[in-house]
*Asks:* 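Here it is, the structure in full.
Throughout, protein chains are lettered first and strands after them, A, B, ... in sequence-line order, and every chain is numbered starting at 1.
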Number of protein chains: 4
Amino acid sequence: MAETSLHFRLDPTRAEPLYAQIQMQIKYLLASGGLRTDDELPSVRAMAETYLINPNTVVRAYAELEREGLVYKKRGTGTFVSQAAADMAAAEKQRIVARRLQEAIHEGRALGLTDTQLRQVFSSQLHEPDSGGD
Amino acid sequence: MAETSLHFRLDPTRAEPLYAQIQMQIKYLLASGGLRTDDELPSVRAMAETYLINPNTVVRAYAELEREGLVYKKRGTGTFVSQAAADMAAAEKQRIVARRLQEAIHEGRALGLTDTQLRQVFSSQLHEPDSGGD
Amino acid sequence: MAETSLHFRLDPTRAEPLYAQIQMQIKYLLASGGLRTDDELPSVRAMAETYLINPNTVVRAYAELEREGLVYKKRGTGTFVSQAAADMAAAEKQRIVARRLQEAIHEGRALGLTDTQLRQVFSSQLHEPDSGGD
Amino acid sequence: MAETSLHFRLDPTRAEPLYAQIQMQIKYLLASGGLRTDDELPSVRAMAETYLINPNTVVRAYAELEREGLVYKKRGTGTFVSQAAADMAAAEKQRIVARRLQEAIHEGRALGLTDTQLRQVFSSQLHEPDSGGD
DNA sequence: GTGGTCTAGACCACG
DNA sequence: GTGGTCTAGACCACC
């Protein structure tokens, strides 16, 4: 129950490379439980056809994930989620959010906000019901 | 009284383009009050000589800032901080950051993090020296 | 079916910068239907070689068009006409021109020209081959 | 009755050079009757001080006008409107408007409008009461 | 002095 | 192959 219906949002226009978009979204799925140990990832070919992208792009994304130990490949079979991925899930979750927060903090500082102001804004956002966004 | 001693940290080895580094650091100065309306920016040539970069790189940074309405140029005279730059200041800054933080919080919750965890991650990021790669 | 035979008239002696000439002529093609949504523009290198200009000059023209939202780029792939370009078409075009004409009419009246005189001048301009200097 | 209260709108930010802005606005005054034969133009120094611009800029504007025969200089006295200026006034009026119309037509064509459409837009604008402006 | 444009050619990442 | 960035240095108009 997993590789049946994964869907990604890939935008070749964005500054972030396509392979990195794939990589990041798979990490997201790993962290959120959308992909579990030994689940099979979509084949390179399937992925490329579905999203009309170059197979090499998918290969690179998978290669990077393999390098990180999050997936493993069985020749002639496919690409699968590794055990390490599950172990990393918990920490990865925080890493993902940490990165986002880091970006927001960075931008805030670039705009001249003090740490105190940043804390205040963060707290207020944490309690806000929802504001709606782009 | 302002353009006397602007100093920037430009690192050509970073993934962020030089022109973007200049652009961002000038924005920082605008937001923090280090540069005020009608202050003159360093001339393209002066900037290039000081930081040992190509004048065209500075030209590009200034052009982007002009496109954003933060500076204006007087031909044969120089480049100056626009009124709009000052206007950008106040509440707008917090609004921008609030939105970013809201997104990060949203994502964190989607990944199952509790508010307490979010606070912890936020605090740790606030104190990190710097981390991100690209 | 479109980017097969685009040809431009670039004159480096004119006061208008080369990049602006390219930009304007592509706009013309967009408005006239010579280029349609998702059509691919000539590559930077191809354009530069065909017209014996520097690739950077083409880069700048394309960058300005992208900034205006008329084209988008896929890294490693090429530059394409955006959807927005098509949307720009219809009524918007007339609105832009109407405003310009209104200004000219206003000025003419301020100078004491009668409507009849304005009509005459307009007609003569409509038939002029080209006149303006800078 | 003329050089008493001439006022100009000079914008060093615009693409059009300052000297050309002065030159054009004086031509406008000549065409509209705001300046008549033997009226004295503001002195270079006065002009420069009033508008906080470089005296050389005014010198150049006056020089161009002199080259066109529209003004003449009396050493130690000042710059005055020539007889030719009056003669040229009538034709100049149309030239000014013609140029504006030409620009609008040019832009219209760049946007893909046919001559017929341009005529229609022109006529509609001629009859409009007023629309509002920039 | 200032910025604006352009050339020639380099190196890089991406697909 | 594609575009993105950067350098080195030219020439120009403007102030």
*Asks:* Could you give the OH-to-C1' distance, from C:Tyr72 to F:dG4, as a whole number of Å?
*Replies:*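 Atom OH in C:Tyr72 sits about 19 Å away from atom C1' in F:dG4.
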*Asks:* Atom CG of C:Asp11 and atom C1' of E:dC6: how far apart are they, to the nearest Å?
*Replies:*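 For the pair C:Asp11 CG and E:dC6 C1', the rounded distance is 15 Å.
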*Asks:* Any salt bridge linking A:Arg60 with A:Glu64? Criterion: basic side-chain nitrogen under 4.0 Å from a carboxylate oxygen.
*Replies:*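 Judged by the 4.0 Å cut-off on N to carboxylate O distance, A:Arg60 and A:Glu64 do form a salt bridge.
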*Asks:* Whole Å only: how far is the CD atom of C:Gln23 from the P atom of E:dT5?
*Replies:*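 Interatomic distance, CD of C:Gln23 to P of E:dT5: 11 Å.
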*Asks:* What is the nucleic acid contact for B:Asn54, judged by heavy atoms within less than 4.0 Å: base, sugar-phosphate only, or nothing?
*Replies:*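 B:Asn54: base contact, heavy atoms under 4.0 Å.
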*Asks:* Does F:dG3 have OP1 or OP2 under 4.0 Å away from a side-chain N or O of C:Thr77?
*Replies:*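 No, outside the criterion.
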*Asks:* Tell me, yes or no, whether the heavy-atom count around D:Phe80 atom CZ, taken from other residues, nucleotides or ligands under 6.0 Å, exceeds 12.
*Replies:*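 Check passes, neighbour count above 12.
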*Asks:* Between B:Arg75 (side chain only) and D:Arg14 (backbone N and O only), is there a donor and an acceptor less than 3.5 Å apart?
*Replies:*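 Here the side-chain-to-backbone pair exists.
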*Asks:* On DNA chain E, nearest-nucleotide positions of B:Val44 versus C:Leu52: which is more 5'?
*Replies:*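 First, find each residue's nearest nucleotide; the 5'-ward one identifies B:Val44.
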*Asks:* NA contact type, B:Arg60, heavy-atom cut-off 4.0 Å: base, sugar-phosphate, or nothing?
*Replies:*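 Sugar-phosphate contact only.
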*Asks:* Ignoring backbone atoms, establish whether B:Thr57 has a side-chain N or O less than 4.0 Å from OP1 or OP2 of F:dT5.
*Replies:*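 For F:dT5, neither OP1 nor OP2 has a side-chain N or O of B:Thr57 closer than 4.0 Å.
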*Asks:* Would you find more than 12 non-hydrogen atoms of other residues, nucleotides or ligands less than 6.0 Å from B:Arg67 atom CZ?
*Replies:*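 Yes.
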*Asks:* Between C:Ile22 (CD1) and E:dT5 (P), how many Å, whole number?
*Replies:*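 Answer to the nearest Å: 13 Å.
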*Asks:* Output the rounded distance in Å from CD (C:Glu16) to P (F:dC12).
*Replies:*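 Rounded to whole Å, this separation is 20 Å.
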*Asks:* Just compare F:dC6, E:dG3, F:dG4 and give me whichever is closest to any side-chain atom of B:Arg45.
*Replies:*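 The answer is E:dG3, which lies nearest to the side chain.
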*Asks:* Could you spell out the base pairing of DNA chain F as a dot-bracket line? Use Watson-Crick and G-U wobble contacts where both distances are under 3.5 Å, [ ] for crossing pairs, | for partners on a different strand.
*Replies:* ||||||||||||||.
*Asks:* Go through A:Leu70 and A:Val81 one step at a time and tell me if the side chain to side chain contact (heavy atoms under 4.5 Å, CB included) criterion holds.
*Replies:* CA-CA 6 Å; A:Leu70 299 175; A:Val81 175; over 6 Å; no
*Asks:* Rounding to an integer number of Å, can you tell me how far C:Lys73 NZ sits from F:dT5 C1'?
*Replies:*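 Taking NZ of C:Lys73 and C1' of F:dT5, I get 12 Å after rounding.
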*Asks:* Can you tell me whether the side chain of B:Asn56 and the base of F:dG9 have a donor-acceptor pair closer than 3.5 Å?
*Replies:*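 Yes, a donor-acceptor pair under 3.5 Å.
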*Asks:* Let me spell it out: for each of C:Val59 and C:Gly76, pick the nucleotide of DNA chain F with the closest heavy atom. Which residue's pick is nearer the 5' end?
*Replies:*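 This one resolves to C:Gly76.
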*Asks:* Answer with base, sugar-phosphate or nothing: what part of the nucleic acid does A:Ile53 contact at a heavy-atom distance below 4.0 Å?
*Replies:*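 The answer is nothing, as A:Ile53 stays clear of every strand by at least 4.0 Å.
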*Asks:* When you measure from the side chain of B:Pro17, which nucleotide among F:dT5, F:dG3, E:dG15 comes out closest?
*Replies:*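 In terms of side-chain proximity for B:Pro17, the closest of F:dT5, F:dG3, E:dG15 is F:dT5.
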*Asks:* How many whole angstroms separate atom CG of C:Leu10 from atom C1' of E:dT5?
*Replies:*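 From C:Leu10 CG to E:dT5 C1': 15 Å.
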*Asks:* Does the base of F:dG4 carry an N or O that pairs as donor and acceptor with the side chain of C:Arg75 under 3.5 Å?
*Replies:*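 No.
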*Asks:* Rounded to whole Å, please give me the gap between NZ in B:Lys74 and C1' in E:dG4.
*Replies:*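 From B:Lys74 NZ to E:dG4 C1': 18 Å.
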*Asks:* Reading DNA chain F from 5' onward, which residue's closest nucleotide shows up sooner: D:Leu18 or B:Leu18?
*Replies:*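 Final value for this comparison: B:Leu18.
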*Asks:* Are the side chain of D:Gln25 and the backbone of D:Arg9 linked by a donor-acceptor contact shorter than 3.5 Å?
*Replies:*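 Flag set: sc D:Gln25 to bb D:Arg9 pair under 3.5 Å.
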*Asks:* Quick check on E:dC14: is either OP1 or OP2 less than 4.0 Å from any side-chain nitrogen or oxygen of A:Tyr19?
*Replies:*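 It does, given that an N or O in the side chain of A:Tyr19 lies less than 4.0 Å from OP1 or OP2 of E:dC14.
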*Asks:* Please tell me whether D:Asp11 and B:Tyr72 have a donor and an acceptor in their side chains that are separated by less than 3.5 angstrom.
*Replies:*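 Distance-only check fails for D:Asp11 and B:Tyr72.
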*Asks:* Given 3.5 Å as the limit, does a donor-acceptor pair link the side chain of A:Gln21 with the main chain of A:Glu16, or not?
*Replies:*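 Yes.
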